[in-house]
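Notes for the one structure printed next.
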Protein chains: 2
Amino acid sequence: MVPNGDRPILLSKDCPVRQILDLVRDKWIPPVLYTLCSGTRRYNDFQRQIPGVSKKMLTQTLRQLESDGIVERTVYPVVPPKVEYKLTPFGEKLIEPISVLADWAWQHQEELKLIHERRTSLSIVT
Amino acid sequence: MVPNGDRPILLSKDCPVRQILDLVRDKWIPPVLYTLCSGTRRYNDFQRQIPGVSKKMLTQTLRQLESDGIVERTVYPVVPPKVEYKLTPFGEKLIEPISVLADWAWQHQEELKLIHERRTSLSIVT
DNA sequence: CGGTATCCGCTTCGATACTG
DNA sequence: CAGTATCGAAGCGGATACCG
């Protein structure tokens, strides 16, 4: 982030920082990754553990992560259908830096709480 | 991120992780913070250094960051107008974890590049 | 120079209904 | 159980014009 050295700009589509931020920008990707941290999950597990996610968005997110090589999808040919999702090795590596962000957030939750409260109180006025 | 211990869920609005992710989700916040890393900046500096940002979004982003206590805005009563922006102490602290994310992205740019290329080639097909 | 104001397209996302 | 299909509202964000 800090412009040490002579790295290219953060803003072009070719910039890796831009690319990882784009991953995080996806509303449901962090919740899904979080759910997958502790192991293999089934479709319904996500629906129960992630409050407010619709089937549409859940499927869309899982498909995206699958085609990104972050999540592996396994279909068992049984009735009723059984589908399992788990992190790929790359997916597990991706957890690391996000964890750092998460840890920092927990350590500074008081400041973040202030920001959030100020934002919501403003949006009520407007 | 990793659900070690018995931390509350990442998904509620009260969760600090959710809150910092919401900051990063804002399209123009990372570019603006990046620009501010190396010191005080004026309005026009952002417009020149951040390709593609409109005045509307730039102003909106700066106002947001100001009311969040992340950026400090100083107006000099001169003609022509002169306005300076800089990070607050909290803003500078906020740079740390994002830097970690950025460093990770640079170290894994090959994998990220693959993801990005796959995504864009798919969107052309669709 | 450093903004506001307005219009509007486009994506995002939630709700609902249906399926193998 | 694990999806797919369709619709429509909301709002993000770009373009343009104007202002103190």
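- Under 4.0 angstrom from either OP1 or OP2 of dG2(C) there lies at least one side-chain N or O belonging to Arg42(B).
- When the nucleotides dG3(C), dG3(D), dG2(C) are ranked by their closest atom to the side chain of Thr59(B), dG3(C) comes out on top.
- Distance Asp26(B) CG to dG11(D) P: 15 Å, rounded to the nearest Å.
- Within the structure, a side-chain polar atom (N or O) of Arg63(A) is placed less than 4.0 Å from OP1 or OP2 of dG3(D).
- Other residues, nucleotides and ligands contribute at most 12 non-hydrogen atoms within 6.0 Å of the NZ atom of Lys113(A).
- In this structure, Tyr43(B) and Tyr85(B) have tilted ring planes: the angle between them lies in the 30° to 60° band.
- Here the NZ atom belonging to Lys27(B) is positioned 6.5 Å from the CZ atom belonging to Arg25(A), to the nearest 0.5 angstrom.
- Within a 6.0 Å radius of NZ in Lys86(B), no more than 12 heavy atoms belonging to other residues, nucleotides or ligands are found.
- Remark: C1' of dA15(D) and CD of Gln47(B) are 13 Å apart, rounded to the nearest angstrom.
- Asp45(A) has its CG atom 12 Å from the P atom of dG3(D), to the nearest Å.
- Atom CZ in Arg119(B) sits roughly 15 Å away from atom C1' in dT11(C) (whole-Å rounding).
- When the side-chain nitrogen and oxygen atoms of Tyr85(A) are compared with OP1 and OP2 of dG3(D), one or more of them lie within a distance under 4.0 Å.
- The phosphate of dG14(D) has OP1 or OP2 within less than 4.0 Å of a side-chain N or O from Lys27(B).
- Residue Asp22(A) contributes atom CG, which lies 14 Å from atom C1' of dT11(C) at whole-angstrom precision.
- Atom CD in Gln60(A) sits roughly 13 Å away from atom C1' in dA5(D) (whole-Å rounding).
- Annotation: of the two residues near DNA chain C, Ser54(A) and Lys56(B), the 5′-most nearest-nucleotide partner is Lys56(B).
- Rounded to whole angstrom, the span from the CG atom of Leu58(A) across to the P atom of dT4(D) amounts to 11 Å.
- A sub-4.0 Å separation between OP1 or OP2 of dG13(D) and a side-chain N or O of Arg25(A) is present.
- The closest donor-acceptor contact from the side chain of His116(A) to the backbone of Leu112(A) lies at 3.5 Å or more, if one exists at all.
- For dG3(C), the OP1/OP2 oxygens have a side-chain nitrogen or oxygen of Arg73(B) closer than 4.0 Å.
- Residues Pro81(A) and Met57(A) both approach DNA chain C. Their nearest nucleotides, taken by heavy-atom distance, put Met57(A) toward the 5′ side.
- Per the geometry, NZ belonging to Lys82(B) stands 9 Å off P belonging to dG2(C), to the nearest Å.
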